[in-house]
2 protein chains.
Amino acid sequence: MRPREFDHDDVLRIAFDQFWRKGFRGTSLSDIARDAGVQRGSLYNAFGSKEALFLQAYRRYAADYLALLQKALGAGSLRNRLAAFFDLTIANFCSGSPPRGCPTTRGLMELGAAEGEGLDEEARQTFANLISHITTLVQDALSAGAERGEFKGNPEAAALHIITVTRGLAVLERAFGDEAQLRKIAAHTVDLVLDKANETVSRKQAR
Amino acid sequence: MRPREFDHDDVLRIAFDQFWRKGFRGTSLSDIARDAGVQRGSLYNAFGSKEALFLQAYRRYAADYLALLQKALGAGSLRNRLAAFFDLTIANFCSGSPPRGCPTTRGLMELGAAEGEGLDEEARQTFANLISHITTLVQDALSAGAERGEFKGNPEAAALHIITVTRGLAVLERAFGDEAQLRKIAAHTVDLVLDKANETVSRKQAR
DNA sequence: TTTTGTTTTTGACACGATGTCGAAAAATCA
DNA sequence: TGATTTTTCGACATCGTGTCAAAAACAAAA
């Protein structure tokens, strides 16, 4: 057995950084190999394919990100939990310079319609999986809030709505790159879901 | 002057059909050339570059789509207008087999972080432009509805919210491919915005 | 210590895509 | 009919992915 000359986790980190900034198709294995100081062939030997490397790197990210969200959604009033959730989400999209956007959303849009082109069905499930997990976290927070009387709607529908908004924010980030606008939309969403939209609007219209 | 042997508009239609189904990066000029019965070089001669061809084709789509939305948002009660708007949006995302998704959202996610890779700044503005136009249409409908007492919130904030949801629907379509779920989210959004969420929830919980 | 064996590394190859360029072909105008 | 202009065609350079076989490096057995 000849030992590997590079660190598996280092390469995953370096690879995901590139994938995040430039997307799956926009990142070449040559780029990653150069950055990691490894030969291209070694990457194929260690990971099998560009897609397999991406999935390993992405799953790492997904697990870490999910843990952060869980923490944000686990303390304080429901309103504060949702605010923290959106804060983290937007900070994630706008991190880096230039902002890197949302890897999940980008990945979903890079799915290939045909065979061989772009990411495939396994990737789709991996992305969908993270979204489902996040939805569950949000729904749990809403259910807990409902029991404490902080929320009187349908947790399932509201959670889906909130997730949809976060996905929309990921898209608007690419379109306008205006973090302040994203925060406004998020705040408005929290208001809507917690049924305080009207008071908020009145305050805004009063000034 | 020798006249062109192919129809400019035909090629645009054929090209956009491929771009829509397979994305910008997933579509090769060879594909388009084969489908259109034209040589690859002729496409470069007529359009300049793959990106220029995409932009021409996309702008056609955007103009047509915007006209449809305008029509949907221009008749009936505010609730019906918004419902028609979401119907059209979702039908657009789910059209084709397999569903083609949202070309705007996909395009935004295919923007290149670096130079030369993927779509560039001009494309970003083109996408952002369509989104802005649609936002204006929705906002106008909400303002009109507000005057007629069908809506009592802030039209600007509500329009932005609705647009964000449509972008989110485009992403969820890719993740889950469940048109019925998209319709549910859309209906819930209309309820939220028109401030009927609670009654609706009560009805749902009653059954 | 030497040998054997296994895995990694390395470089070359095949293939396909983009984009450019020059030569050939074709159609219109004079 | 002939000249000119534009299109078309095919070849080329470059870059990306993915595969393969040979070389290299280490571990363990003899």
Side-chain angles (χ1 to χ4, degrees), chain A residues 1-12 14-19 21-58 106-107 110-120 122-123, chain B residues 1-12 14-16 18-19 21-58 107 110-120 122-123:
Chain A
M1 290 271 290
R2 175 177 175 178
R4 220 162 249 156
E5 291 186 2
F6 59 87
D7 185 77
H8 198 265
D9 280 8
D10 281 354
V11 170
L12 281 186
I14 291 169
F16 190 70
D17 178 65
Q18 302 241 3
F19 283 133
R21 286 190 287 109
K22 303 184 295 188
F24 178 76
R25 284 213 175 85
T27 303
S28 78
L29 280 198
S30 310
D31 292 341
I32 297 173
R34 193 181 335 105
D35 244 50
V38 176
Q39 288 286 26
R40 216 162 43 86
S42 301
L43 295 180
Y44 278 101
N45 178 62
F47 298 98
S49 70
K50 187 186 180 185
E51 174 147 353
L53 169 58
F54 173 86
L55 281 179
Q56 281 199 38
Y58 176 82
R106 184 173 213 156
E110 283 187 303
L111 291 173
E115 65 309 326
E117 289 289 352
L119 298 166
D120 70 356
E122 185 182 358
Chain B
M1 288 268 291
R2 172 180 172 179
R4 220 162 249 157
E5 289 187 2
F6 59 87
D7 186 74
H8 199 265
D9 281 8
D10 280 354
V11 170
L12 282 186
I14 290 169
F16 189 70
Q18 304 242 3
F19 283 134
R21 285 189 288 111
K22 303 186 295 190
F24 177 76
R25 283 212 176 82
T27 303
S28 80
L29 280 199
S30 310
D31 292 342
I32 298 172
R34 192 178 338 103
D35 245 50
V38 176
Q39 287 287 21
R40 216 161 45 85
S42 302
L43 294 179
Y44 279 102
N45 178 61
F47 298 98
S49 70
K50 186 185 180 185
E51 173 147 354
L53 168 58
F54 173 85
L55 281 179
Q56 281 200 36
Y58 177 81
E110 284 187 304
L111 292 172
E115 66 308 325
E117 290 289 353
L119 297 166
D120 71 355
E122 185 182 357

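The chains referred to below are lettered A, B, ... by the order of the sequence lines, with proteins before strands, and numbering in each begins at 1.
Computed from coordinates, the B:Lys50 NZ to C:dG19 P distance equals 7 Å when rounded to whole Å. Put simply, CZ on B:Arg25 is 17 Å from P on D:dC15, counting in whole angstrom units. Rounded to whole angstrom, the span from the CZ atom of A:Phe6 across to the C1' atom of C:dT7 amounts to 12 Å. Computed from coordinates, the A:Leu29 CG to C:dC15 P distance equals 20 Å when rounded to whole Å. Whole-Å rounding puts the B:Phe47 CZ to C:dT20 P distance at 16 Å. Whole-Å rounding puts the A:Ile32 CD1 to D:dC15 P distance at 18 Å. A:His8 places its NE2 atom 10 Å from the P atom of C:dT8, with the value rounded to the nearest Å. The nearest whole Å value for the distance from the CG atom in B:Leu53 to the P atom in C:dT18 is 11 Å.
In terms of position along DNA chain D, the nucleotide closest to A:Asp31 lies nearer the 5' end than the nucleotide closest to the other residue of the pair A:Asp31 and A:Gly48.
Looking only at atom types and distance, the side chain of A:Asp31 has a donor-acceptor partner in the side chain of A:Ser28 under 3.5 Å away.
Side chain of A:Ser42 to main chain of A:Val38: no donor-acceptor pair is present (N/O by atom type, distance under 3.5 Å, no hydrogens or angles). Between the side chain of B:Glu51 and the backbone N or O of B:Asp120, at least one donor-acceptor pair lies under 3.5 Å. Panel note: side chain B:Glu110, backbone B:Phe24; a donor-acceptor pair is recorded below 3.5 Å.
Considering only residues two or more places apart in sequence or on other chains, B:Asp10 meets the side chain to side chain donor-acceptor pair (under 3.5 Å) condition with B:Arg13. Taking the salt bridge (charged side-chain N to carboxylate O under 4.0 Å, His left out) definition, one finds that A:Asp35 meets it with nothing, sequence neighbours left out.
For the segment residues 36-46 of chain A, the set of residues with a heavy atom within less than 4.0 Å of an atom of DNA chain D comprises A:Arg40, A:Tyr44, in numerical order.
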